[in-house]
Amino acid sequence: MMSTLLDVENLWVRFPSRNGVFDAVRGVSFTLGRERLGIVGESGSGKSMTGRAILRLIRSPGIVEADQISLDGTDLMKLSEKDMRAVRGQRISMVMQDPKFSLNPVMTIGDQIIEAYRLHSAASKAQAYAKSVEMLEAVSIRNPERVMRAYPHEMSGGMGQRIMIAMMLIPNPEILIADEPTSALDVSVQRQVLSIMDKLVKDRGMGLIFISHDLNLVADFCDRVLIMYAGRIVEVCDADKLHDAKHPYTRGLLNSLPRLDVPRDRLDVLERDPEWSVALSVSARV
Ligand SMILES: Nc1ncnc2c1ncn2[C@@H]1O[C@H](COP(=O)(O)OP(=O)(O)O)[C@@H](O)[C@H]1O
Ligand SMILES: [Mg+2]
């Protein structure tokens with residue numbers, strides 16, 4: 001059995017408000033090995049909050065609770081904010097859903113990548129520059145020197161996403177959390193980005209949490225898949241068995257996908273059983 005990099009047990013993300021507490025993530029448990037773990041589910045099901053909670057990147061008033069979030073034996077829940085900063089971007093990197101909010105608009109791309117890199121390594125500026133160009137090339141950016149001189153607003157969404165991926169991979173993290181990393185990209189670039197991440201999992205033994213609403217993509221690209229609904233994991237399965245999934249929600253998601261080989265006037269509307277949102281979260285710890 002593969003070694004466990006991350007062990008998340010009974011994770012909750014709660015948002016207190018005047019009208020009570022809204023639980024965005026409700027008792028989610030899973031492990032991550034040196035594998036590509038997909039998290040799928042419709043918009044609002046708690047995928048992003050799960051990813052962000054691991055890095056304690058939930059904004060106030062949100063609260064993270066968990067029995068443990070163990071990174072190679074260290075419980076991240078017990079770390080100080082200072083120690084947590086050292087984990088972020090060095091041991092666990094996250095590519096956010098919207099890269100525009102992650103890049104500094106008044107700094108060139110090059111200065112940002114170099115700064116991020118030197119924060120975690122003793123490299124000289126020249127070494128950091130060379131490494132940055134190399135990583136931009138690795139994410140299929142054709143004119144890396146020009147991109148290094150550019151500002152974020154000069155980049156398309158797809159470019160921004162690839163720059164973020166390059167930036168996140170430079171410190172050689174043990175785990176990459178990629179939140180809808182390819183949704184802004186066209187199909188050919190999407191494949192390139194997936195193959196870059198694939199290579200990192202295989203060559204460096206990285207663990208990847210791949211968040212997506214695209215079931216077909218996850219079925220093709222991942223090893224194992226968690227299906228989330230209303231803040232809970234309703235089903236876990238091997239990615240190549242996704243099309244045999246049993247939970248009616250997963251079946252509904254699969255059936256509501258447009259298929260080229262079965263033309264339909266309109267997509268099936270998912271019938272929701274209230275039972276799905278009260279049932280306990282399925283454990284995906286192995
Ligand atoms: N600041 C907040 N206050 C209250 N609820 C929030 C806040 N941020 C996110 N949520 C809620 O948390 C739920 C899960 O969100 P999210 O994890 O972003 O979903 P997903 O990534 O699966 O689309 C959503 O219902 C969202 O409305
Ligand atoms: Mg999201």
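For the single chain, residues carry numbers from 1 onward in sequence order. We use all heavy atoms of the structure for the numbers below, so side chains are in, but hydrogens, waters and symmetry mates are not. Remember, it's 1-based here, ligands and their atoms both numbered in the order they're listed. Predicted model, so just to flag it, every value in this text is computed and none were measured.
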Given Arg285, which of Leu32, Val236, Thr31 fulfils the side-chain contact (heavy atoms from CB on, under 4.5 Å) condition?
Thr31
Specify the protein heavy atom at minimum distance from atom 26 (C) of ligand 1: its residue, its atom name, and the distance to 0.1 Å.
Phe22 CE2, 4.6 Å
May I ask you to check whether His213 and Glu180 show a side-chain donor-acceptor distance below 3.5 Å?
yes
For atom 15 (O) of ligand 1, which candidate among Met49, Lys47, Glu42 provides the closest heavy atom?
Met49
When you check the gap from the basic side-chain N to the acidic O, do Arg88 and Glu81 get nearer than 4.0 Å?
yes
Closer than 4.0 Å and a protein heavy atom, does any atom meet both conditions relative to atom 7 (C) of ligand 1?
yes
Residue that, paired with Val225, satisfies side-chain contact (heavy atoms from CB on, under 4.5 Å) out of Val218, Leu37, Leu215
Val218
May I ask whether Gly62 places a heavy atom under 4.0 Å from ligand 1?
no
Between the main-chain N or O of Ala230 and the side-chain N or O of Ser45, is there a donor-acceptor pair closer than 3.5 Å?
no
Below a 4.0 angstrom heavy-atom separation, can you tell me which part of Arg59, side chain or backbone, both or neither, approaches ligand 1?
neither
Do any N/O atoms on Gly44 end up under 3.5 angstrom from N/O atoms on ligand 1?
yes
Using distance alone, with no hydrogens and no angle criterion, decide if Ser29 and Glu9 have a side-chain donor and acceptor under 3.5 Å apart.
no
Enumerated ligand 1 atoms positioned under 4.0 Å from heavy atoms of Ser43
23 (O)
Does the N or O separation between Ser48 and ligand 1 drop below 3.5 Å for any pair?
yes
How about Ser43: does one of its N, O or S atoms come closer than 2.8 Å to the Mg ion (ligand 2)?
no
Asp75 side chain vs Met77 backbone, donor-acceptor pair below 3.5 Å:
yes
Pair Tyr249 and Tyr229, ring centroids less than 6.0 Å apart
yes
Nitrogen or oxygen of Ala24 less than 3.5 angstrom from that of ligand 1:
no
Which residue holds the protein heavy atom closest to atom 4 (C) of ligand 1, what is that atom called, and what is the gap in Å?
Phe15 CG, 3.5 Å
